[in-house]
Every structure is written in structure tokens, then in C-alpha cells.
K.L.:
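Here it is, the structure, as C-alpha cells.
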Amino acid sequence: MTSGVDVAIAALPLLLAGVLLVGLLWPATRAMPIAWVTAIGVGYFAWNMPVNWLAAASAAGFMTAIEILWIVFGALVLLYTLMEAGAFDRINRGFATVSDDRRVQIVLIAFFMATFIEGAAGFGTPAAVVAPLLLGLGFPALAAVVAAIIGHIIAVTYGAVGTPIVVGIQSPMESVEFTRTAIQEGGMTVQEFSVNVAAWAATYHALVGFVMPLFAVGMVVYFFGDPEERSLAPAWEVAPLCLLSGIAFAVPYWISAWFLTAEFPSLIGSMVGGTIILSILRAGYLLPDDEWEFPEREQWADHWVGTIEPGQSNGSNGADSIEAEAADLEGGEDMTLFKAWSPYVLLVILLVVTRAVDPISNFINRDLFVVSWGEILGTSLGGSVAWMNVPGFWLLVSAVLAIPIFGMSGNEVSEAWKEAGRKIVSPFIALVFVIAMVQVMLQSGTHPGAPEVGSMIVLLAQTTAGLLGAAYPAFASLIGALGAAMAGSNTVSNITFGAFQFEAATQLGLPRTIIVGAQAVGGAIGNLVAIHNLVAALATVGLLGQEGRVMRLNLIPLLYYASGVGILCLLFSYVLFPTVF
């Protein structure tokens, strides 16, 4: 029998992280080391964890963080390589020149481009890249941020070539005995379980998220249209384009999640869907009869614009953003769109070949290409990084192949790599400590002499399951959203709450893949109000200080998404698929 005090103590690291991150607006680089120290203290004094187990759990977390950062670094190197070469500017112009109508530009740039960047790079990159592009086209800064954040949410579960699933679900489930054993007893491997989770997450997203292009357009035209007569009528005028765009994205996205791997849905959905919609628009179909424009500049509210005037180069105002620098590049004027996209096409081919062709897959997974540490400090804990199999390696290969494709100079290559190195510092600090904290909480029930209540995560999951009971599926995605809102990352939310949701589903006899799939979706929608993502996006358009305003606006799509997923999760769990593992 556990007491409320036990539960409160188990929740202390998470509660403290929430207070520091959301309440006091501390950066994760300051908040998460304190949360980790708190988890160490709770583990030692309340869960009787020996010092070597605390250190081993933290070390295992460090190895997981290295794997994530390897992916993020490769994604950033490839992205900045395209920016330095002018290819990214060419891609943007390819979208922007289709129509001057702001609603069409939202669909093409804030939805298709943002979802592609999310699939390729993740970790807050889409909004920080797309918002300045929209600002440069003449969007109010606040409208640019809102559109960019809402537009990419459907892709977040598979960001940075599947990292939230591969690292956020598969790795923690493999490292915790109770989840690993339960999955194996269910007749599948942990990898197969994570693939199923990704497929169910795509099902939620496809059924609920295909309307997000219309949602993004509606938010912009209603809140940033004529202040005298707010109306959704301009959004309904382009509803056929928005809904077809959502479907064109969702169908290949869903198919790739079920029949390929978790690394491809967002990439394939955006590339296939974007190509279809661009072709339709260039053929003259679905273009609105009248172009919609923002009100005259003098009618804009003061909080719509910050230190960077819309339509100007961000660089002219001294903003420190590589996105602005990309807009000033001279390169890429005569570059074909296929050439501009080619490094990402190569990336998809490399990832497919290295996963689908067994001889190659077996070769790159040999011990020679895996850094592992077993029985860390005399414990049963271990960790490994298959550095060649991880997408980060193939992202870097694609970046290197891009050098001769674009004929880049040594200085351009150097700048791309240095910028990626600078951008990885803050995520490194935050990720190392947040994942170390989670590992301490997860492993607090595995050491000799551990309390009968199990780990901190197990105790919290059992308590939550007991409180919510049969209504639990309705709240599963909100739990994931809470994790992402605190940490600013779907991956970290999955690492923190994936095992939590698995245990709660087990306690209630619910389908575990369906519940953890809802967690993976919740980790995506929480990015709508994640303070770290909002700060990063607002900084690129010179609008710091408006985080609360964006958060309030984004609560609208968050509540829609969470409600839709909650209803589907109840339906799947109790009516349609109750026998699924």
C-alpha cells in the first residue's frame, strides 16, 4: 500500500522540472541539471538506490543522449549545407512563387515545407526556419510564428528521421526490464512494438491532423485579418485546397508508417503530398479567385511585429539567425528544384537501402560499428550506440555528397559545420540531464533491495491509472503533451512518459500499442505550447516577449487535437481494437 507522500516524492523531479521550465521560464540548460540532482536525491534517500546504480543509470542516459545528438547534429549539418549552397533559398522560392495569396503560401510553406523540415531535422527547427521565411514574404511576425508552429505539428512524431520513436520509444522500452519482458511475452520484439506504436500514432494523426492546413489558414485569417470584421470566410474559400493538401500528405504518411519504418512518414508525406499539390496549383486548379492579403500596415496591432519589419531581410536588422543569412545568399539562382532537393532524395534512398537490404543492414550493425557499455559499474544496466546505423551517420553522408553536387567552397562547408556545432551546445546540455533524470526514475526499481512499489515511473503510472480508471485513454495524449510542453521535445516526452503509459495500460488491461501511440501523438501536440520552441521561433522574427500570446492562440488547435485523439483512443481501446497488444 502506497501513500500520497510516496507518490509526491516520486513525482518531485518532474514537478520541479515543470515549475522551473513553465512556471519560472528557466531554460532547460539550467532547469534539467537541477531536476537530475533531485532525481538522484529521491533515488538515494527514498528508493535506496546504491551510488553505483545512480551513476550507471545516469551513464545509460548519457549514451541515449549521445545517440539523439548524433542524429540532430547530422540533421543540422545537412540543413545548413543547403542554406550555405543557396539550395534552401531555391526551394523556398519554388514554393513562394506559385501564388501571392497568403492562404496558399501558408499551405505550401507553413505546412509542406515545415513538415518536411520537421521530418528531416526536428527539434524545433521547422518553426525557427519557416517563420523568418514567411516574415520575409510580408507576413506579420506573430502570424508567421503561429502558422509555422501549427503547420508542422502532424509531422513531429517522426521528426529528425524518426528519432521520437526510435530513440524515444524503442530505446527506453529496451532498457527497462518490466516493459521489455512484457513486450516479449506478448510475442514481439521491442523494435516491432515501437514500429506498431509509430503506425498507430500515424493513424491518430491522419484522422485528426489532416485538417491542420485549414486550421493554420483559419487561425491567420481570423486573428490577423481585417480587425473591423473578424471572419473565417476567407479560410472556407480555400477549404478544398487545404483539405486536399492534408489528405495528400496524410495518405503517403500513413502508408509509410505502416509499411516502411518510423523514419520516413514525415519525409515521404511532405515530399509526395507537396509534389501533388504543387502540380495541381501550377496547372491552375484550386487557386482562389481573389487573392487574400493582410490589412494595410498601419492597421496592424503593435504586438504583431517586433524588431524586424516584415518583407525586409532579417540580417539587415542584426538578427542572429542563419535563416536570414540564407535569404541573402547569391547562390542558387539557376539551380533546378530537383538539384536543390537532391541531398534529401539521396538521404531517403540511403536510409531505405540500409534498412531494407539485409546484407547491408547486417553489416552496419556489426559490433565493429557499435559502441556499447554493458554491466555499467557492476550493475545490470547497459547502453549502446550503433553509430553507423543511426540516421545521423547517413545525414552526414548526404551532407558530404551535397558538397560536389552544389560545387561548394571550403569556406561554405566550414560555415555550415561550425553553425551546426554552435546550435548543438544547448540541446547537448539539456538532453544529457533530462535523459539521465528519466533513467534514474526508470531504473529506481531494478536494483537489489528496491522497494516493492517498483520504480518511480511505475508508481506514478499505477496511481494515475487508478485515478482515471476507464477514462484513461481520453487523457493519454494530454500526458504526452504535458511532457513535450515542459521539455520542448517529443523525444524527451516519449522517454519520460512512454514506460509510464505502458505500465498504466497494463494495469488497466488496455491495448498498450494504442495507448503508447497516443503518447507519441501527445508528445507532438505539446510542441504547440512548448516554451522553448516558442522562444526559438519568436527570436528569429524579432518578437521575443510574446510567448504567452502565442501560447494562448495555440491552445485552440491543441484542445482540438487532444480531444480528437482522446475520442479515437477511447474508441480504439474499447470498441474497435480491444484485443491489440
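Values below: every heavy atom of this structure, side chains too, minus hydrogens, waters and symmetry copies. If you read the sequence from its start, that first residue is 1, and numbering goes on from there.
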K.L.:
How about Phe363 and Phe369: are their ring centroids closer than 6.0 Å?
P.N.:
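For Phe363 and Phe369, the ring centres are under 6.0 Å apart.
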K.L.:
Between Gln519 and Ser493, does any side-chain donor sit less than 3.5 Å from a side-chain acceptor?
P.N.:
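Side-chain D/A pair, Gln519 to Ser493: present.
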K.L.:
Test Met83 against Tyr80 for side chain to side chain contact (heavy atoms under 4.5 Å, CB included), laying out the working first.
P.N.:
CA-CA 5 Å; Met83 288 181 169; Tyr80 293 132; 3.8 Å; yes
K.L.:
Between Gln507 and Glu503, do the side chains contain an N or O donor and an N or O acceptor separated by less than 3.5 Å?
P.N.:
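Result is yes, a qualifying pair exists.
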K.L.:
Evaluate whether atom CG of Asn362 has more than 12 neighbouring non-hydrogen atoms of other residues, nucleotides or ligands under 6.0 angstrom away.
P.N.:
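Yes.
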K.L.:
Mind checking salt bridge (Lys or Arg N to Asp or Glu O under 4.0 Å) for Glu263 and listing every partner two or more places apart, or none if nothing turns up?
P.N.:
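If we apply the salt bridge (Lys or Arg N to Asp or Glu O under 4.0 Å) test to Glu263, skipping adjacent residues, the hits are Arg355.
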K.L.:
Would you check if the side chain of Thr157 reaches a backbone N or O of Ala520 as a donor-acceptor pair within less than 3.5 Å?
P.N.:
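Yes, Thr157 side chain to Ala520 backbone: donor-acceptor pair under 3.5 Å.
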K.L.:
May I ask you to decide if Ile169's main-chain N or O and Asn494's side chain share a donor-acceptor pair within less than 3.5 Å?
P.N.:
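Between the backbone of Ile169 and the side chain of Asn494 there is no qualifying donor-acceptor contact (under 3.5 Å).
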K.L.:
Do Ser266 and Thr115 make a side-chain contact, defined as non-hydrogen atoms from C-beta onward lying under 4.5 Å apart?
P.N.:
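Ser266 vs Thr115: side chains apart.
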K.L.:
Work out which heavy atom in Ser256 is nearest to a heavy atom in Pro265; give both atom names and the distance.
P.N.:
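Ser256 and Pro265 have their closest heavy atoms at OG-CA, 3.1 Å.
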K.L.:
Look only at the side chain of Tyr574 and the backbone of Ala470, and say whether a donor-acceptor pair between them is shorter than 3.5 Å.
P.N.:
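Confirmed, Tyr574 side chain pairs with Ala470 backbone.
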K.L.:
Can you sort out the partners of Val217 under side chain to side chain contact (heavy atoms under 4.5 Å, CB included), two or more places apart, ordered by chain and number?
P.N.:
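Arg103, Ile106, Val107, Val221, Ala235, Val238, Cys242.
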K.L.:
Measure the CD1-OG1 distance between Ile360 and Thr354 for me, rounded to the nearest 0.5 Å.
P.N.:
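Taking CD1 in Ile360 and OG1 in Thr354, the distance rounds to 7.5 Å.
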K.L.:
Please verify the inter-ring angle class for Phe249 with Tyr253; under 30° counts as parallel, over 60° as perpendicular, anything in between as tilted.
P.N.:
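Because their plane-to-plane angle lies in the 30° to 60° range, the rings of Phe249 and Tyr253 count as tilted.
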K.L.:
Give a yes or no answer on whether the side chain of Arg512 reaches the backbone of Ala505 with a donor-acceptor pair at less than 3.5 Å.
P.N.:
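No, Arg512 side chain to Ala505 backbone: no donor-acceptor pair under 3.5 Å.
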K.L.:
How far apart are the closest heavy atoms of Glu67 and Ser171, and which atoms are they?
P.N.:
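Of all heavy-atom pairs spanning Glu67 and Ser171, the closest is OE1-OG, 4.0 Å.
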K.L.:
Do you know the tightest heavy-atom contact between His152 and Ile149?
P.N.:
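Scanning both residues, the minimum pair turns out to be ND1-O, 2.9 Å.
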K.L.:
Answer yes or no: does atom CD of Gln184 have more than 12 heavy-atom neighbours from other residues, nucleotides or ligands under 6.0 Å?
P.N.:
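It does: Gln184 CD has more than 12 such atoms within range.
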K.L.:
Please answer whether the main-chain N or O of Phe178 pairs with a side-chain N or O of Thr181 as donor and acceptor at a distance below 3.5 Å.
P.N.:
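Absent.
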K.L.:
Looking just at side-chain N and O atoms, do Tyr158 and His205 make a donor-acceptor pair shorter than 3.5 Å?
P.N.:
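Checked: Tyr158/His205 side chains show no N/O donor-acceptor pair below 3.5 Å.
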K.L.:
Under 3.5 Å, sequence neighbours excluded: what are the donor-acceptor pairs made by side chains of residues 472-479?
P.N.:
from   : atom 1 : to     : atom 2 : distance (Å)
Tyr472 : OH     : Gln501 : OE1    : 2.8

K.L.:
Take Leu267 and Phe116, measure what side chain to side chain contact (heavy atoms under 4.5 Å, CB included) needs, and give me the verdict at the end.
P.N.:
CA-CA 5 Å; Leu267 287 171; Phe116 176 81; 3.7 Å; yes
K.L.:
Tell me the closest heavy-atom pair linking Asn527 and Ala484, and the distance in Å.
P.N.:
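Minimum heavy-atom contact is ND2-CB, 4.0 Å.
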K.L.:
Does the plane of the ring in Phe581 sit parallel, tilted or perpendicular to the ring in Phe193? Use 30° and 60° as the thresholds.
P.N.:
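Because their plane-to-plane angle is over 60°, the rings of Phe581 and Phe193 count as perpendicular.
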K.L.:
Name all pairs fulfilling the ring-ring contact (aromatic ring centres under 6.0 Å, His included) condition that reach into residues 57-77, sequence neighbours left out, sorted by first residue then second.
P.N.:
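Matches after skipping sequence neighbours: Phe73-Trp417.
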K.L.:
When you compare the side chain of Val458 with that of Ser455, does any pair of heavy atoms fall below 4.5 Å?
P.N.:
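Counting from C-beta outward, Ser455 and Val458 do come under 4.5 Å.
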K.L.:
Check whether Tyr204 reaches the backbone of Ile514 with its side chain - one donor and one acceptor, N or O, closer than 3.5 Å.
P.N.:
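A pair under 3.5 Å: yes.
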K.L.:
Does any part of the side chain of Tyr344, heavy atoms only, come nearer than 4.5 Å to the side chain of Ser398, both counted from C-beta?
P.N.:
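Answer no - side chains too far apart.
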K.L.:
Can you name the side chain to side chain contact (heavy atoms under 4.5 Å, CB included) partners of Ile247, sequence neighbours left out?
P.N.:
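Side chain to side chain contact (heavy atoms under 4.5 Å, CB included) check on Ile247 returns Phe210, Val251.
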K.L.:
Can you see which heavy atom on Ala399 is nearest to which on Val77, and at what distance?
P.N.:
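What the structure gives for the nearest pair is CB-CG1, 3.7 Å.
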K.L.:
Using the ring-ring contact (aromatic ring centres under 6.0 Å, His included) criterion, which residues pair with Trp258? Sequence neighbours excluded.
P.N.:
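For Trp258 the ring-ring contact (aromatic ring centres under 6.0 Å, His included) partners, ignoring immediate neighbours, are Trp200, Trp254.
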K.L.:
What's the shortest heavy-atom distance between Leu243 and Val211, and which atoms?
P.N.:
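Here Leu243 and Val211 meet closest at CD2-CG1, 4.1 Å.
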